[in-house]
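Following: one structure in structure tokens, then a few remarks.
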Amino acid sequence: MGSTSAHKNEGLGRRDVIKRSAALGLISVPTMGFLSACASSDSSGDKKVEKGKATKANPLGVNETAPLEVVIFDGGFGQQYAIDAEKKYNAAFPKAPKVKHVATQKIQSQLQPRFNGGTPPDLIDNSGAEQMDMGVLVGKKQLLDLTPLMDAPSIDDPSKKVRDTLRPGVLEMGQFDGDPVWIMYYAYTVYGVWYSQTALEKLDAQYPETWDDMLALCAKAKKQGIAGWTYAGKYPYYLPFSLYPFIAKIGGREVLDKIDNLEPNAWKDPAVKAAFEAYYELYKKGYILKGTPGLTHIQSQTEWTKGKALFIPNGSWVENEAAPTTPKDFKMMVAPPSGLDASDKLPFGTIWASGGEPFIVPANAKNPEGGMEQLRIMLSEESSKNFTKQVKSLSAFNGGTDGLTLSTAMQSGVDSLKKAGDNVVNPRLQDWYVKLQKEQIGVAGIGEMMAGRATPAEAIKKIQAFADAAAKDQSIKHYKHQ
């Protein structure tokens, strides 16, 4: 899940730019035929290098004299963090040639011929507008199973496996129908309700933990001429960033799993009904900024940073994306969505967070052990801390912030994850069924309801029909939580 080239420092792990940009009409997505061509060849190309001897210092058995080639997407996160980690690889294997480092924004067009020829690089940051379709790559058996990396001892504590050092949900995101791990998501995104601590202080208010408190605060703000909420009205699939974990709080994470699995009547669950009715109340009571349904994500964020609305559902990239209009004294923060009431099945701290910036090791890589070892190095505390310092983002490594001076936005993200503990949810609908999530559930369902053009009952009925159609559509690959 990539970061755009338009920003040199994205916030806390930007989501998949190809999905987002395509939906916004910013890029043209390569056709499935084009993407399939990228992964259609079974040619083995040149032979793999001979595997080295596995030792405590070299648990993956890297060939100590073999070359390593790494391709990095040169976008919002830049490439220096990867170069710094490659220097550590060179130090660990001094007999090997210097790591061949390639930075590009043309992942698809530059690497397609090499996949076709069976000569891909050893490690790829598969991100950006030309991101290769991961589902196709997995389906065509073009990716290496990274389970040996997950089971290898971590750099900092050999008594811990790499898998045990990852933030919640990261490993699962790299899986498709079973145990193999095909993708290592390196950045980490926190989703939720974003607000200005300064704005709340001016209202002598605290972030509301229940829906009654949320409505009361919105009413108080309205008297001061401030809207309670705004959102990306033209792209209302941003609303689930807070709505989905809200549903999970009310009914338990199993409700989201049923929705992801496209199970019959999943959207008719009482938790969905309660959450939709709560959000619809924001519209009915006039707590949404006037004109919000016509705003883009940038426009809604700008209205928010100007103080015209208290809350906005978003991901942690918003800190950097909204930086041009954010006042210095704004004190940007993120919090989990307010709970409904005392009957909620999950605690207030429940939040949505997940991985971004996908790294892959091709199955036909010449030095696959080297590719995995480079990732193992990147998942050390030192490399993770370097990444966070450079790009203002958390990494998949569960730590790496001690001793760093964090912005209020980043610190609130760290604090929210700590508060959540095991109560981190990771809905997969936006990864598994992009059209269903964005165009149908987001725009045609939730968007219409929040604009007042559909009741909650009407929106739920429409969304359930969309989900049922997707479940019956044999032209798309279906996935289920294991």
May I have the step-by-step check of side-chain hydrogen bond (donor to acceptor under 3.5 Å, both in side chains) for T230 and S300, ending in yes or no?
CA-CA 6 Å; T230 188; S300 62; 5.1 Å; no
Between P313 and Y238, the two heavy atoms sitting closest are CB-O, 3.8 Å
Give the C-alpha distance, both sets of side-chain angles, the deciding distance and a yes or no for side chain to side chain contact (heavy atoms under 4.5 Å, CB included) between L282 and C218.
CA-CA 8 Å; L282 295 173; C218 289; 4.3 Å; yes
Output the distance between atom NZ (K258) and atom CD (E254), rounded to the nearest 0.5 Å.
6.5 Å
With no hydrogens and no angle check, is any side-chain donor or acceptor of Q105 less than 3.5 Å from a backbone partner on D74?
yes
Between S343 and D341, is any side-chain donor less than 3.5 angstrom from a side-chain acceptor?
yes
For S154 and D156, test the side chains for any donor-to-acceptor distance below 3.5 angstrom and give the result as yes or no.
no
For the pair S316 (side chain) and V190 (backbone), establish whether a donor and an acceptor sit closer than 3.5 Å, ignoring hydrogens and angles.
yes
Looking only at side-chain N and O atoms, does D179 offer a donor or acceptor that is under 3.5 Å from a partner on Q175?
no
Within 45° cone and under 6.0 Å: K273 NZ/CZ vs F276 ring:
no
Heavy-atom nearest pair, E448 first then K462, reads CG-NZ, 4.3 Å
For Y479, does the OH atom have more than 12 heavy-atom neighbours from other residues, nucleotides or ligands under 6.0 Å away?
yes
Output the distance between atom CG (L310) and atom NZ (K202), rounded to the nearest 0.5 Å.
11.5 Å
Tell me, do K419 and F348 make a side-chain contact under 4.5 Å, heavy atoms counted?
yes
Is D151 salt-bridged to R163, cutoff N-O under 4.0 Å?
yes
Rounded distance [0.5 Å steps], CE in M333 versus CD in Q197:
5.0 Å
Check whether any side-chain N or O of Y188 sits under 3.5 Å from a backbone N or O of P168 as a donor-acceptor pair, and report yes or no.
yes
Run the side chain to side chain contact (heavy atoms under 4.5 Å, CB included) check on R376 and V162 step by step: do they pass?
CA-CA 7 Å; R376 194 171 79 100; V162 169; 4.0 Å; yes
For V193 and F241: C-alpha separation, side-chain torsions, deciding distance, then whether side chain to side chain contact (heavy atoms under 4.5 Å, CB included) applies.
CA-CA 8 Å; V193 179; F241 295 155; over 6 Å; no
Given side chains that start at C-beta, do those of S393 and F77 come closer than 4.5 Å, heavy atoms only?
yes
Heavy-atom check, side chain of Q390 versus side chain of D84, under 4.5 Å
yes
Could you report the tightest heavy-atom contact between P264 and D468, atom names first, then the distance?
CA-OD1, 4.5 Å
Look at the aromatic rings of Y81 and Y186 and report parallel, tilted or perpendicular, splitting at 30° and 60°.
parallel
Determine, step by step, whether E209 and D213 satisfy the side chain to side chain contact (heavy atoms under 4.5 Å, CB included) criterion, reporting the C-alpha distance in whole Å, the side-chain angles of both residues, the deciding distance to 0.1 Å, and the verdict.
CA-CA 7 Å; E209 295 193 6; D213 289 343; 5.5 Å; no
Is the backbone of F330 close enough, under 3.5 Å, to the side chain of S196 for a donor and an acceptor to pair up by distance?
yes
Within the structure provided, determine whether F359 and I124 are in side-chain contact (heavy-atom separation under 4.5 Å).
no
Shortest non-hydrogen contact between G400 and S384, atoms and distance:
CA-OG, 4.3 Å
Looking at K331 and E201, does any basic side-chain N land under 4.0 Å from a carboxylate oxygen?
yes
Going by atom types only, do T210 and S338 share a side-chain donor-acceptor pair under 3.5 Å?
no
Could you grab the distance from atom CZ of R167 to atom CZ of F397, nearest 0.5 Å is fine?
8.5 Å
Any heavy-atom pair between the side chains of K385 and T401 that's under 4.5 Å?
no
Hey, does the side chain of R453 reach the backbone of G447 with a donor-acceptor pair shorter than 3.5 angstrom?
no
Do the non-hydrogen side-chain atoms of D257 and K480 ever get within less than 4.5 Å of each other?
no
Is the backbone of P336 close enough, under 3.5 Å, to the side chain of Y207 for a donor and an acceptor to pair up by distance?
yes
Can you see whether E321 engages N314 through a side-chain donor-acceptor pair at a distance of less than 3.5 angstrom?
no
Under 3.5 Å, is there a donor on one side chain and an acceptor on the other for N261 and H481?
no
Side chain N398, main chain T165, donor-acceptor under 3.5 Å:
no
Working to the nearest 0.5 Å, report the span between CE of M449 and CD of E277.
9.5 Å
Side-chain touch T104/F73, heavy atoms, less than 4.5 angstrom:
no
Decide ring-ring contact (aromatic ring centres under 6.0 Å, His included) for Y195 and W229; before the verdict, give the C-alpha distance in whole Å, the side-chain angles of both, and the deciding distance to 0.1 Å.
CA-CA 10 Å; Y195 64 97; W229 284 60; over 10 Å; no
Can you name the nearest heavy-atom pair linking M450 to L239, along with the distance?
CG-CD1, 3.6 Å
Using the ring pair (Phe, Tyr, Trp, His ring centres under 6.0 Å) rule, pick out the option among Y231, Y244, F311, F246 that qualifies with Y279.
F246
State, without any angle test, whether S407 and E319 hold a side-chain donor-acceptor pair at a distance under 3.5 Å.
yes
Between the side chains of S412 and D415, does any donor sit under 3.5 Å from an acceptor?
no
Where the side chain of Q464 meets the backbone of W267, is there a donor-acceptor pair that is under 3.5 Å apart?
yes
Report yes if the side chains of P236 and V443 come closer than 4.5 Å at any heavy-atom pair, otherwise no.
yes
Within this structure, what is the CD1-CG distance for the pair I247 and L340, rounded to the nearest 0.5 Å?
11.5 Å
Under 3.5 Å: donor-acceptor pair, side chain of Q131, backbone of N126
yes
Which atom names give the shortest non-hydrogen contact between P327 and T305, and what distance separates them?
CD-O, 3.4 Å
Are E382 and N386 close enough that a side-chain donor and a side-chain acceptor fall under 3.5 Å?
no
May I ask you to decide if the ring planes of H478 and Y433 are parallel, tilted or perpendicular, using 30° and 60° as cut-offs?
tilted
